[in-house]
Amino acid sequence: MPNAAIETTYHLARQRYADWGVDTDEALRRLEQIAISMHCWQGDDVGGFETDAGLTGGGIMATGTYPGKARNADQLRADLEKAFRLIPGVHRLNLHAIYRETGGKPVDRDRIEPAHFQRWIDWARQLGIGMDFNSTYFSHPKAADGFTLAHPDPGIRRFWIDHGIACRKIGAAIGRALGTPCVTNTWIPDGFKDVTIDRLAPRRRLRDALDEIFREPLEAAWNLDAVESKLFGIGSETYVVGSHEFYLAYAVANRKLLCLDAGHFHPTETIADKLSAVIPFTGEILLHVSRGVRWDSDHVVILNDDLRGIAEEIVRHDFLGQVHIGLDYFDASIHRVAAWVIGMRAMIKALLGALLEPADRLRQLEADGDLTGRLAVLEEIKTLPFGAVWDRYCLHQGVPVGGAWLEEVRDYERQVTSKR
Ligand code: RNT
Ligand code: ZN
């Protein structure tokens, strides 16, 4: 579509929204301020560059064999840059500890240092983006039996505690270098496949291990700690040490960020409803926006009701300053750069949709007890010319409008990823 047509369509759309009392220019200005943390691990199926083994254990699984995945950090950075150029706005990178670069030197996870992430930091600075971080408690011989921080063996526990401590220091170094706090997330796979007798001792061990990891206070301007719960994993179907209640209690008691992953709850439960329940007690939270299909399958995020619900809760309650939005999925059955672009664009669209709600009017209807009006208005606004506002945003952000980004990914595939 020619640019002039995009502008004309936008101006007509702006009027339609104005009729509902919504200022589309203002919505776009607010949208531009929202940085979403794009997860590096979609780019190589959660493999990392420590060993050639890739993702092993941890109860998570990437399925698919799409060719051309990144095999080293330079390739991954190139793929990430390609994706960022197709996504409107300025976003962040979410890195896992297994993406360290040690120059071929074997360094185990309890010994990693900020220096091993210097190339990532320099790259992020060049792009003008912030970074977030994750300790990696899976794909490692010391995690092979499914336990890490809650392991009964004090030696193994110590190793993972030291990993956690090292990761917080890396997080702080990242945040300090980039001038924006790094959210360092902790997720462990610990749990049992089958009927469990002692559910308490592993939870006590986990609590104590976390206390040790978090003992040293770090500058909040550099590093923020988050803890992520889970319902079940492959191999931890019966019992997960770090359950929702465990981490909710831990986060509230210790003023940590709770990480809510959209795939980590019962299928009819949505994380949207949990924001207003948790934020009054934790202050801030981290989201792992994901899409489970029948189970915690980590499908690429799309613009569905769940996603819209999350964005609406963030915007309606003015939580933008308190919610760190990150994505978490890994689909190896489609082009990996496209998977990023689809998920990120969907998240941004959901936020735009929420910013374009006639919020005051809806709130008033509800306060007046006019529940008929509330439902009627919510249905009517679904067909407002949202696409015209979205296209105009992409145009002004200098990224492809509509499906034009797909051709760029196909080009990149022809020239780069298919040759790997
Ligand atoms: C696993 C958790 C965790 C991971 C990433 C790779 O179930 O969701 O966040 O997906 O750390
Ligand atoms: Zn997650």
Side-chain angles (χ1 to χ4, degrees), residues 36-50 54-63 69-70 76 92-100 109 131-140 143 146 148-149 160 163-164 167 170-171 182-191 225-237 239-244 246-247 251 256-267 269-271 274 285-293 295-301 306-307 310 323-332 336 339-340 343 347:
I36 296 160
S37 200
M38 191 165 91
H39 54 313
C40 76
W41 54 92
Q42 163 59 52
D44 73 330
D45 316 339
V46 211
F49 306 127
E50 243 174 11
L55 176 63
T56 60
I60 54 177
M61 206 168 108
T63 52
K69 79 169 173 189
L76 187 58
R92 304 171 65 86
L93 174 73
N94 200 3
L95 201 62
H96 239 286
I98 43 174
Y99 293 84
R100 81 234 176 136
R109 287 193 207 163
M131 267 173 68
D132 300 300
F133 197 62
N134 301 261
S135 30
T136 313
Y137 294 95
F138 50 84
S139 302
H140 190 282
T148 62
L149 290 178
W160 288 115
H163 175 59
C167 286
I170 294 162
C182 171
V183 180
T184 301
N185 184 45
T186 296
W187 173 76
I188 63 166
D190 300 32
D225 302 304
V227 287
E228 178 180 7
S229 70
K230 178 146 162 156
L231 182 63
F232 75 95
I234 304 166
S236 63
E237 288 85 350
Y239 168 67
V240 168
V241 184
S243 59
H244 177 54
F246 176 90
Y247 279 126
K256 298 295 169 198
L257 276 64
L258 185 72
C259 171
L260 295 169
D261 182 310
H264 292 186
F265 295 88
H266 290 278
E269 226 178 325
T270 68
I271 61 168
K274 301 182 190 299
I285 59 168
L286 169 65
L287 295 184
H288 270 188
V289 182
S290 194
R291 178 170 57 108
V293 175
W295 68 294
D296 179 20
S297 59
D298 286 300
H299 278 64
V300 177
V301 163
D306 278 355
L307 188 70
I310 293 167
V323 178
H324 302 263
I325 308 172
L327 304 188
D328 181 11
Y329 54 78
F330 22 96
D331 187 342
R336 292 170 187 80
W340 271 321
M347 184 74 242

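Each ligand, and each atom within it, is numbered from 1 in the order the structure gives. Because the structure is predicted, anything quoted here is derived from the model rather than measured.
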Member of T186, N134, N185 meeting the side-chain hydrogen bond (donor to acceptor under 3.5 Å, both in side chains) criterion with E228: N185

Sub-4.0 Å atoms of ligand 1 with respect to non-hydrogen atoms of H288: 9 (O)

Interfacing atoms of ligand 1 (cut-off 4.0 Å, heavy-atom, H96): 5 (C), 6 (C), 11 (O)

Aromatic ring pairing F49/Y99, orientation class (parallel under 30°, perpendicular over 60°, tilted between): perpendicular

Parallel, tilted or perpendicular: ring planes of W187 versus H264, cut at 30 and 60 degrees: tilted

Do any N/O atoms on [X] end up under 3.5 angstrom from N/O atoms on ligand 1?
| X | answer |
| --- | --- |
| D298 | no |
| K230 | yes |
| W41 | no |

Sub-4.0 Å heavy-atom approach of Y329 to ligand 1: no

Non-hydrogen atom of H264 closer than 4.0 Å to ligand 1: yes

Working for salt bridge (charged side-chain N to carboxylate O under 4.0 Å, His left out), residues D44 and K69: CA-CA 5 Å; D44 73 330; K69 79 169 173 189; over 6 Å; no

Of all N/O/S atoms in D261, the name of the one nearest the Zn ion (ligand 2): OD2

Between S37 and D132, a side-chain donor and acceptor under 3.5 Å: yes

Contact flag H264/the Zn ion (ligand 2), N/O/S atoms, threshold under 2.8 Å: no

